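A short worksheet on the structure shown next.
From a predicted model like this one, the values you see are computed outputs, not experimental measurements. Below, chain A is the first sequence line, B the second, and so on; all start at residue 1.
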Amino acid sequence: MSSRRSPRRSPPLADHDLSRTFARARLAGSTLDAARALIGARLARDDRAGRIVEVEAYIGTDDQASHARFGRTARNAVMFGPPGIAYVYLVYGMYDCLNVVTEPEGRPAALLIRAIEPVSGEAAMRHARLEAAVRRGHTEGPAGIAAVARRIEAIPSARLASGPGLAAIAFGLSRADTGLDLLDPRSPIRLEPAPAEAATPPIATSARIGIAYAPEPWRSVAWRFFDPTSAAVSGR
DNA sequence: GCAAAGATTTGCT
DNA sequence: GCAAATCTTTGCC
């Protein structure tokens, strides 16, 4: 590039709207506070966006349901790092799940994104869902890919990302995305605050899902947070 | 080095 | 309503 070009202090952020940057401070403190802050916030990719409607908190090495219960390992290392970073893991050998790291560096904690209500880019989400079905060999039956494509077209919008595995598929996320800074406006996947005009959503709580293996009190603690008015909440 | 289990989803009985 | 699918991570011998 020519040295006569006017220098840029940072990459193309000149027209970036700062009101669309989620505040790292909201993730750096209590994970339970951060969980409430995430309900109604947005997850955005270039061609799609959605409203987070369900999250679960996993806090510290004492939490016997958390991946951090074994201490720091190769898999969970980012949970011990700074807040706002993506932690994507493979569950049951089949599905990737997105977490947002919380709390200061050195304290392992994260919020599992369990459900997202699509706001835009539903076609991209359906396309991602079809690609996932092809990868899993679900299109090799007698019905073929056309039948699977029709079935995916028929899925209601609110069901496109209504579970942790489905949310990752809808947004095209995989373990390779672990380490991404979700609060960097230049990141391909970003966390953004709810629009100023959006109403504050109601928030309900319950025990976390799928952790029956954990001893009490971890099994029953109400660390799942969701918007009970959303049709996109998982398990309905 | 091996065995067990898992922060899920889907399809069939 | 139950069980299969699928493979990485972790604990233990």
R75(A) has its side chain closest, among dA7(B), dT10(B), dT9(C), to dT9(C)
From the candidates dT8(B), dT6(C), dA7(B), the one with an atom nearest any side-chain atom of Y95(A) is dT8(B)
* Return no unless some side-chain N or O of H67(A) is found under 4.0 Å from OP1 or OP2 of dT9(C). => no
**Prompt:** Within the stacking criterion (centroid distance below 5.5 Å, interplanar angle below 30°), does Y89(A) stack on dA7(B)?
**Reply:** no
- Query: Is any side-chain heavy atom of P108(A) closer than 4.5 Å to a side-chain heavy atom of T61(A)?
  - Reply: yes
Out of dT8(B), dT10(C), dT9(B), minimum distance to the side chain of C97(A) belongs to dT8(B)
Checking P156(A), S162(A), S157(A) against P118(A) for side-chain contact (heavy atoms from CB on, under 4.5 Å), the one that qualifies is S157(A)
Query raised in the report: Between E117(A) and R51(A), is there a side-chain N and carboxylate O pair less than 4.0 Å apart?
Result: yes
M79(A) has its side chain closest, among dA7(B), dT10(C), dC7(C), to dA7(B)
Note: for R114(A) and R151(A) on DNA chain B, the residue whose nearest nucleotide lies more 5' is R114(A)
Among dT9(B), dT8(C), dA7(B), the one nearest any side-chain atom of V91(A) is dA7(B)
R175(A) has its side chain closest, among dT10(B), dA7(B), dT8(C), to dT8(C)
query = Are R136(A) and dA4(C) close enough that a side-chain N or O sits under 4.0 Å from OP1 or OP2?
reply = no
Per atom distances to the N99(A) side chain, the nearest of dA7(B), dT10(B), dC7(C) is dA7(B)
Checklist entry - Is any side-chain N or O of T73(A) closer than 4.0 Å to OP1 or OP2 of dT9(C)? => result no
task: Check every strand shown and say whether L112(A) touches a base, only sugar-phosphate, or nothing at a heavy-atom separation below 4.0 Å.
output: base
Exercise for review: Name the nucleic acid region contacted by R219(A), choosing base, sugar-phosphate or nothing; use a 4.0 angstrom heavy-atom cut-off, strictly under.
Suggested key: nothing
Counting C-beta onward and ignoring hydrogens, is there a side-chain heavy-atom pair between I145(A) and L130(A) closer than 4.5 Å?
yes
* Asked: Quick one: are M125(A) and F171(A) in side-chain contact, heavy atoms under 4.5 Å?
  -> yes
